[in-house]
Amino acid sequence: MPRRILIVLGHPDPSPDRLCRNLARAYGESAELAGHIVRRVDLAALDFPMLRTVQEFEHGAIPYSLKDAAEAIVWAEHIVFVFPLWLGTVPALLKAFLEQVMRPGTAFTYPNKGGGLPRKLLRGRSARVVVTMGMPAVLYRLWFLSHGIAGMRRSILRFAGVSPVRETLFGMVADATDTTRAKWFEQMRRLGERAL
């Protein structure tokens with residue numbers, strides 16, 4: 001059964017030879033060939049301000065340049081984030097994007113004055129976080145406990161109701177051979193075909 005998929009390319013560099021860009025392309029093309037409906041958001045192509053106050057976050061309007069992206073998050077059944085690991089976590093541009101689009105009214109609602117927990121507005125959606133890094137992926141998982149990705153998974157995606165959130169980590173990318181990269185692209189094509 002076809003799924004609605006949103007691919008968020010979180011690499012700040014628009015260069016066409018970036019590994020993240022090609023991993024996202026492999027996933028998206030395969031998903032479309034399998035009959036899934038794919039939308040894409042390329043953060044390197046967007047210009048938007050950073051949030052600076054709680055008032056802005058809670059009551060300000062989503063910037064015009066991100067309205068389509070916010071709508072696509074609500075539209076999607078499965079969201080794929082592709083980005084490089086920078087200083088152990090997501091690049092600042094991706095974090096700024098998430099702060100803008102995962103706001104009250106889009107991702108969650110605050111409880112009434114009587115208290116309680118926020119209501120999750122993105123239930124029923126799944127996600128995959130695809131991350132490239134210079135270190136071995138197993139080191140990031142076991143020694144660093146995937147801390148930067150864990151924060152995104154727990155405090156942003158699951159907080160809004162997105163579950164399950166799966167991870168695909170590609171490590172030692174600077175030293176990867178053409179054969180290794182071809183295997184990674186094939187892995188992404190298989191995931192895209194199955195909308196996982």
Side-chain angles (χ1 to χ4, degrees), residues 1-12 24 27-28 31 36-43 45-83 85-86 88-131 141 145-169 191-192 194-196:
M1 184 163 154
R3 295 187 78 194
R4 297 187 306 271
I5 300 170
L6 173 63
I7 300 173
V8 178
L9 179 55
H11 201 306
Y27 185 102
H36 303 293
I37 305 159
V38 179
R39 290 188 187 176
R40 293 167 177 83
V41 172
D42 183 351
L43 298 191
L46 297 176
D47 184 27
F48 56 90
M50 290 179 51
L51 284 173
R52 298 186 182 272
T53 67
V54 173
Q55 179 71 17
E56 249 185 301
F57 176 73
E58 292 180 345
H59 304 291
I62 292 175
Y64 180 78
S65 59
L66 295 180
K67 287 195 181 297
D68 287 345
E71 189 276 327
I73 286 171
V74 173
W75 165 87
E77 295 172 301
H78 184 62
I79 307 169
V80 180
F81 295 91
V82 184
F83 58 90
L85 191 72
W86 283 8
T89 190
V90 303
L93 186 65
L94 177 54
K95 180 66 164 59
F97 169 79
L98 291 169
E99 289 173 359
Q100 285 284 15
V101 299
M102 301 295 271
R103 291 205 204 181
T106 300
F108 66 96
T109 58
Y110 286 115
N112 294 329
K113 298 219 185 274
L117 297 172
R119 188 165 56 96
K120 302 169 187 248
L121 297 181
L122 298 181
R123 286 187 190 277
R125 289 157 186 82
S126 58
R128 177 162 301 274
V129 177
V130 179
V131 185
R141 280 188 200 279
L145 303 177
S146 301
H147 70 282
I149 300 169
M152 178 184 178
R153 182 182 63 243
R154 285 192 309 261
S155 302
I156 299 173
L157 297 174
R158 286 191 181 156
F159 178 81
V162 178
S163 182
V165 179
R166 297 180 178 94
E167 298 170 6
T168 301
L169 308 181
L191 291 170
R194 297 170 56 205
L196 289 175

Quick check: does any side chain N or O of H36 sit under 3.5 Å from a backbone N or O of R3, one acting as donor and the other as acceptor?
yes
Is the shortest heavy-atom distance from the side chain of V130 to the side chain of Y27 under 4.5 Å?
no
Roughly how far apart are L85 CG and I149 CD1, rounded to 0.5 Å?
6.0 Å
Heavy-atom closest pair, residues L169 and S146:
CD1-OG, 4.4 Å
Within the structure provided, determine whether L9 and R40 are in side-chain contact (heavy-atom separation under 4.5 Å).
no
Could you tell me which non-hydrogen atom of G10 sits nearest to which non-hydrogen atom of P12, and how far apart they are?
O-CD, 3.3 Å
Donor-acceptor under 3.5 Å (R125 side chain, A76 main chain):
yes
Which pair of non-hydrogen atoms, one from I5 and one from A31, has the smallest distance, and what is that distance?
CD1-CB, 3.9 Å
With heavy-atom distances below 4.5 Å as the criterion, would you say the side chains of Q100 and L51 are in contact?
yes
Check: V101 and T106 side chains under 4.5 Å, non-hydrogen atoms:
no
Worked verdict on F83 versus V131 for side-chain contact (heavy atoms from CB on, under 4.5 Å):
CA-CA 5 Å; F83 58 90; V131 185; 3.6 Å; yes
Check salt bridge (charged side-chain N to carboxylate O under 4.0 Å, His left out) between R153 and all other residues, then give those that pass, not counting sequence neighbours.
E167
Determine all donor-acceptor pairs shorter than 3.5 Å in which one atom belongs to a side chain in residues 60-68; sequence neighbours excluded.
unit_1, atom_1, unit_2, atom_2, d
S65, OG, D47, O, 2.8
K67, NZ, I62, O, 3.3

If I take atom CD1 from residue I7 and atom NE2 from residue H78, how far apart are they, to the nearest 0.5 angstrom?
8.5 Å
V129 vs L157 side-chain heavy atoms within contact, under 4.5 Å
yes
Considering the options M102, R103, R52, which one meets the side-chain contact (heavy atoms from CB on, under 4.5 Å) requirement together with F57?
R103
Pairwise distance CZ(R128) to OG1(T168) - rounded to 0.5 angstrom
3.5 Å
Test side chain to side chain contact (heavy atoms under 4.5 Å, CB included) applied to L121 - qualifying residues, sequence neighbours left out
T109, R119
Exercise: identify the closest heavy-atom pair between V90 and K95
CG2-CB, 3.9 Å
Applying side-chain contact (heavy atoms from CB on, under 4.5 Å), run through L93 and F48 and close with a yes or a no.
CA-CA 9 Å; L93 186 65; F48 56 90; 3.7 Å; yes
Any idea which heavy atoms bring R166 and L196 closest together, and the distance?
NH1-CD2, 4.4 Å
Interatomic distance, CG@L122 vs CD1@I79, rounded to 0.5 Å, equals 6.5 Å
side-chain contact (heavy atoms from CB on, under 4.5 Å) between F97 and V8: does it pass, once the steps are laid out?
CA-CA 10 Å; F97 169 79; V8 178; 4.0 Å; yes
side-chain contact (heavy atoms from CB on, under 4.5 Å) evaluation trace for W86 with L94:
CA-CA 11 Å; W86 283 8; L94 177 54; over 6 Å; no
What pair of heavy atoms forms the shortest contact from A69 to V41, and how long is it?
CB-CG2, 3.9 Å
